[in-house]
Structures are given as C-alpha cells and as structure tokens.
2 protein chains.
Amino acid sequence: MQKIKKKQKFLDILSQKTKTRFLLKKKSEKEIPKRKNSPLFNHVPEIVIQRLPIYIRILTKIQKQGKLQISSNLLGELSGISPGIIRKDLNYFGRFGKQGSGYQVIELKDTLKTILGLDGTWNVGVIGLGKLGDAIASYTGFTNAGFRIVALFDTDEKLHGKKISRITIQSLDELKRSVKTRNIKIAIISTPSNQSQDVANRLIDSGVKCILNYTQSSLKVPKEIILKHVDPISTLQSMAFHLKNYHLNK
Amino acid sequence: MQKIKKKQKFLDILSQKTKTRFLLKKKSEKEIPKRKNSPLFNHVPEIVIQRLPIYIRILTKIQKQGKLQISSNLLGELSGISPGIIRKDLNYFGRFGKQGSGYQVIELKDTLKTILGLDGTWNVGVIGLGKLGDAIASYTGFTNAGFRIVALFDTDEKLHGKKISRITIQSLDELKRSVKTRNIKIAIISTPSNQSQDVANRLIDSGVKCILNYTQSSLKVPKEIILKHVDPISTLQSMAFHLKNYHLNK
DNA sequence: TAGATTGTTAATCGATTAACAATC
DNA sequence: TAGATTGTTAATCGATTAACAATC
C-alpha cells in the first residue's frame with residue numbers, strides 16, 4: 001500500500017512514455033506472483049545514487065557524438081562500472097532498456113536527471129570568498145549540471161559590494177533573508193576552517209538543507225541535513241599509501 | 001614465507017617500541033595455531049586506507065587538547081565511525097592499543113602517518129593555474145598533511161615567470177625535467193577539462209605516479225597509475241536526489 | 001527467425017556488527 | 001582485584017558477480 005503510493009508519486013515525475021511502459025509492467029505483474037526483494041523506490045542504496053551522475057555524464061557525451069542507443073556493456077566500458085551493476089542500478093527506478101538494443105540515450109539521460117532532481121535548477125549560496133570561494137563562484141560548470149550560484153557571503157567587510165560573475169558579495173547578516181528570498185536549499189562552505197562550524201549553524205538556522213563542505217574541518221549537523229565533504233587532503237593521504245607501498249618498493 | 005617477508009618489511013618502518021611489541025606477538029603465536037584470515041599487511045581494503053586520514057585528523061585534534069590516551073569508543077564518537085570498525089582497521093597493521101586504557105594518542109597518530117607514508121614530505125606539481133589552480137597552489141593546508149607544492153605549470157605563456165607562494169609558473173615544456181629534478185611523484189590537474197587527458201598523458205610520460213584530477217572529465221590512465229577524482233559536481237548531484245526525495249516531499 | 005541485450009535471480013564476495021575472551 | 005577496553009571471532013548485512021530466461 002505504502003509502496004504503491006510511493007511508486008505512483010515517483011512515476012508522476014517521469015515522462016509519459018516511460019510511465020506508460022511502467023504501467024504495462026504493473027499490469028502484467030498481476031499475473032505473476034509478486035517478487036520478494038523487488039527493488040522499489042524507497043531504500044535505494046547511497047552507492048547507487050552516487051553512480052547516477054556518472055551515467056548522466058557519459059550519456060551526455062554519447063549524445064553529443066550523435067549516438068541514439070547504448071548498451072549496458074558500452075556504458076560499462078566507458079564508466080569502468082560493470083554492466084550488471086548498471087542494469088541493476090537502473091532497475092531500482094524502472095525498466096528503461098529494450099532487450100536486443102539497449103537504452104535510448106536521450107531518454108535515459110533525461111530520466112536519470114529527473115530522478116536526481118536535476119530537471120530544474122537548484123539555487124546555491126557560497127560562503128567564504130577567499131581564493132577557493134572565488135574559484136567556486138567563478139566556475140561555469142555548475143550551470144549545465146543543474147545548479148546556479150545566486151548568492152555570495154563573506155565576513156570580510158572589504159569584500160561586501162564586490163561582484164563575482166555578476167553576483168554581489170553580501171554580509172552574513174543578509175544570510176537568512178537571502179536564503180528565504182532566493183529559495184536557497186544548497187550552500188557551499190569555503191571559509192577558513194575555524195569558521196566553518198559557525199557558518200554551518202547559521203546556514204541551517206536560515207533554512208539551508210544541503211551543505212557541501214570545502215573546508216578541512218568536519219562538521220556536526222542534525223541528521224536531517226544533507227552534508228558532504230570535499231576533502232582533497234584525505235584523498236591525497238590515502239593515495240600516498242599506495243604510492244609508498246605498491247609503487248616505490250617494487 | 002612471502003607473508004613474513006612483507007610483515008618484516010612493514011615493521012622496519014614502525015617505531016622500535018611498536019616493533020618490540022609486535023615481535024612479542026609473533027613469539028607467542030608460535031604456541032597457538034595460526035589463525036585463518038588473520039589480517040596482514042597485504043590486501044588492506046581500500047575503504048580501510050581511506051579511513052586512516054580521518055583517524056589522523058582526530059588524533060591531531062585530540063593531541064592539541066592535551067589528551068594522551070583515547071579509546072576506540074571516543075574515537076568512534078568523534079569520527080562517526082563505529083568503534084568496532086576502528087579497532088579492526090587498526091589491527092590490519094598491528095596491535096597498537098592497550099586493554100583497559102585504549103590507544104596512546106601521539107604514538108598512534110605517528111604510526112598511522114608512517115603507515116600512510118606521511119612521515120616525510122611528498123613533492124607535488126600543479127598543472128593549470130586558473131582560479132582553481134591558484135587556490136590550490138596558495139592553499140597552506142598541504143604542508144601539515146605531508147605534501148609540498150614545488151612546481152607549477154600552465155600552457156598560457158602570459159603566466160610563465162609569475163609566482164604563486166614563491167613558486168614560479170613554468171611552461172609544460174619544463175614538465176619532464178622538473179618532475180625528475182624535483183622528484184615529483186604526485187600531480188594535481190586543474191586545467192580546463194578539455195586539456196586534462198593530454199596533461200595526464202604528459203605527466204605519466206614524465207614519471208608521475210599519482211594524479212589528483214580536479215577537472216570535470218574522467219581520465220584514462222594505465223592501471224599502475226594511482227588516480228582519484230575530486231568531483232564536486234557529482235557530489236552535488238547525488239545530494240540533490242536526497243533533497244528532492246526526502247526533504248521537499250515531506 | 002537468429003542475434004543481441006535486458007531484467008532478474010542465485011551465488012559469491014566483502015564489509016559491518018555483535019559479542020566476548022583476553023588482558024591491561 | 002575490579003573495571004575498562006582491546007583484539008578477534010562468528011553472525012549478519014549488503015553489494016557485486018555470474019548466469020540465463022525473457023524478449024526485443
């Protein structure tokens with residue numbers, strides 16, 4: 001009951017074409033006994049969600065090359081992910097492929113974007129406009145990916161009023177108001193490390209739901225807040241292990 | 001036989017104190033039958049390696065607070081990783097704890113650093129000095145983490161000769177020579193996306209073993225090259241899924 | 001129809017958790 | 001000694017892989 005409701009809700013966001021196919025599936029399912037452990041839209045593993053952007057990126061590339069269809073095999077080759085995993089991942093959300101020919105490139109790309117919530121644009125705020133924040137705010141890659149930086153904040157008064165990519169840097173006093181008026185749900189923190197927890201608290205207080213932390217400090221946030229850490233230092237450090245142990249000692 | 005050799009090799013890098021304790025362990029093991037699946041230094045799962053930097057960061061923090069000992073329980077609370085996992089992770093490399101009191105903060109931190117190859121300093125090159133590369137090259141956080149940026153490269157002639165944090169930007173023609181003379185094993189690519197594969201090829205040709213890719217394109221490299229991708233776009237995109245599905249629909 | 005490829009199951013692999021004897 | 005905490009095992013959980021019937 002609950003499951004069917006969720007499924008329906010999900011279907012509403014998919015294209016009419018996909019929807020039709022899905023409904024056919026449901027119909028035919030009435031004849032066969034209900035599968036146990038059938039993947040449904042609830043409880044999609046995080047690792048699956050994290051692979052969807054990779055598929056989107058490859059599909060976009062393939063689309064530019066003019067290909068209309070792609071098999072899980074080719075998609076696997078281009079992404080380094082096994083074809084079996086790809087087919088399983090996609091089937092958490094529906095039956096998008098066609099036996100014999102594979103997946104429609106454009107349709108699959110658009111469907112995955114819709115699933116991830118990238119059919120529209122998310123407004124993003126950036127807090128901390130040192131060199132890193134400046135680089136983030138100047139970065140053009142967000143637009144095609146479904147994000148638009150619409151507000152910039154810094155504690156440094158000297159920066160207030162200055163513009164980066166036509167967005168004016170504001171005081172953090174403006175945070176709450178700006179988050180509300182610009183409907184900002186996602187924020188990027190690129191302040192010095194010692195300010196990050198403070199900034200995170202203020203962001204959450206202002207109504208931000210999703211934080212991407214570019215600082216070196218790990219943050220404590222309520223469990224309903226979506227938080228990820230861009231942590232190149234840790235990445236380099238784990239790479240050093242392999243360098244030391246599997247490269248230099250050979 | 002092979003195992004013991006590897007074990008011994010590993011021990012050489014650890015402190016005398018730890019070494020002694022480990023040898024005692026080996027001695028006492030002679031009496032009891034050899035355990036199956038005993039964790040050894042080969043085949044440490046990647047996920048374990050990736051957690052070690054987190055432990056180091058917390059131990060550093062704790063050390064600054066003057067604490068001399070820490071239990072897996074507290075370490076777990078501070079890191080969000082379960083105490084059982086932490087104990088298991090550490091035991092891939094030796095027995096560093098003491099029943100009843102836990103782990104010596106400084107000793108454990110230093111040991112983990114040695115294990116990861118962070119007891120010395122790795123020279124790092126940065127290729128591509130737009131705003132992002134500038135931010136990376138200006139970033140002071142690398143030093144304490146075991147890395148030192150010692151060379152900068154860009155294709156743009158106008159940048160050649162300019163300095164960032166006292167390092168002169170060079171032409172990519174200097175790459176091979178600089179990598180050799182400065183003993184650069186690790187490189188960070190922060191060029192525009194369309195140049196990244198080309199730069200990666202040249203880096204590998206120059207003798208770089210380890211690449212941190214900050215661009216949007218995924219790179220193809222030989223399997224012996226250690227490669228990781230800093231990919232905030234994909235991170236944001238997977239966060240958008242949770243935002244859409246678990247936040248806004250409530 | 002024949003060939004190709006999906007969707008899906010069962011088997012396998014690997015990581016986490018629970019629990020507790022060993023021991024400081 | 002009593003209390004605390006590790007090191008380590010077995011049980012559990014979850015993800016990947018292998019394989020193939022279904023079907024375009």
Side-chain angles (χ1 to χ4, degrees), chain A residues 18 21-22 24-26 28-29 31-40 42-51 55 67-77 79-105 107-108 111, chain B residues 18 21-22 24-26 28-29 31-40 42-51 55 67-77 79-105 107-108 111:
Chain A
T18 312
R21 191 185 308 158
F22 212 95
L24 286 172
K25 175 193 177 188
K26 281 178 68 181
S28 70
E29 264 180 350
E31 278 109 72
I32 55 167
K34 190 100 185 67
R35 273 169 279 101
K36 262 176 255 173
N37 295 325
S38 163
L40 281 168
N42 41 349
H43 307 306
V44 181
E46 176 63 21
I47 185 92
V48 172
I49 303 301
Q50 285 176 6
R51 281 192 292 255
Y55 304 149
K67 283 201 81 170
L68 296 177
Q69 299 182 320
I70 190 167
S71 67
S72 60
N73 234 310
L74 179 56
L75 198 45
E77 210 166 286
S79 64
I81 297 164
S82 89
I85 286 188
I86 293 173
R87 292 200 298 277
K88 216 154 176 282
D89 283 358
L90 298 180
N91 279 280
Y92 276 98
F93 305 101
R95 292 169 170 171
F96 307 120
K98 205 184 265 183
Q99 280 96 332
S101 62
Y103 302 87
Q104 297 295 316
V105 172
E107 185 193 322
L108 181 57
T111 305
Chain B
T18 313
R21 192 186 307 157
F22 210 96
L24 286 172
K25 174 195 178 186
K26 281 180 65 182
S28 68
E29 265 180 349
E31 277 108 72
I32 54 168
K34 189 101 184 66
R35 273 170 280 101
K36 260 175 255 172
N37 294 325
S38 162
L40 282 167
N42 42 349
H43 306 305
V44 181
E46 176 64 20
I47 187 89
V48 173
I49 304 301
Q50 285 176 7
R51 281 191 292 254
Y55 304 149
K67 282 200 82 168
L68 296 176
Q69 299 183 321
I70 190 167
S71 66
S72 60
N73 234 311
L74 180 56
L75 197 45
E77 209 166 289
S79 64
I81 298 165
S82 89
I85 286 189
I86 293 172
R87 293 200 298 277
K88 217 154 176 281
D89 282 357
L90 298 179
N91 278 279
Y92 276 99
F93 305 100
R95 291 170 171 172
F96 306 121
K98 205 183 266 182
Q99 279 96 332
S101 63
Y103 301 88
Q104 298 295 316
V105 173
E107 184 193 321
L108 182 57
T111 305

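Owing to the predicted nature of the structure, the values given are computational and were not obtained by experimental measurement. Numbers restart at 1 for each chain; the letters A, B, ... are given by sequence-line order, proteins then strands.
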Output the distance between atom [atom1] ([X]) and atom [atom2] ([Y]), rounded to the nearest 0.5 Å.
X: N73(B); Y: I86(B); atom1: CG; atom2: CD1; answer: 8.5 Å
X: L74(B); Y: Y103(B); atom1: CG; atom2: OH; answer: 12.5 Å
X: S82(A); Y: K88(A); atom1: OG; atom2: NZ; answer: 10.5 Å
X: E77(B); Y: I70(B); atom1: CD; atom2: CD1; answer: 10.0 Å
X: I85(A); Y: I47(A); atom1: CD1; atom2: CD1; answer: 8.0 Å

Practice item. Only counting residues at least two apart or in another chain, list the ones meeting salt bridge (Lys or Arg N to Asp or Glu O under 4.0 Å) with R51(A). Key: D89(A)
Exercise for review: List the atom of N91(B), the atom of R87(B), and the distance in Å for their closest heavy-atom pair.
Suggested key: ND2-O, 2.6 Å
Exercise for review: Quick one: closest heavy-atom pair of L90(A) and F96(A), and the distance?
Suggested key: O-CE1, 3.5 Å
Review point. So, is N91(B) near the phosphate of dT8(D), with a side-chain N or O under 4.0 Å from OP1 or OP2?
Key: yes
To the nearest Å, how far apart are [X] [atom1] and [N] [atom2]?
X: I70(A); N: dA4(C); atom1: CD1; atom2: C1'; value: 15 Å
X: Q104(B); N: dT6(D); atom1: CD; atom2: P; value: 12 Å
X: Q50(B); N: dG14(C); atom1: CD; atom2: P; value: 16 Å
X: Q69(B); N: dA4(D); atom1: CD; atom2: C1'; value: 11 Å
X: L90(B); N: dT8(D); atom1: CG; atom2: P; value: 12 Å
X: N73(B); N: dT6(D); atom1: CG; atom2: P; value: 7 Å

Check your understanding: Stems in DNA chain D: runs of 3 or more consecutive Watson-Crick or G-U pairs, distances under 3.5 Å?
Key -> C:3-24 with D:3-24
Practice item. Would you give a per-nucleotide map of nucleotides 15-24 of chain D, 5' to 3', where B means the base has a protein non-hydrogen atom under 4.0 Å away, S means only the sugar-phosphate does, and - means neither? Key: SBB-B--BBB
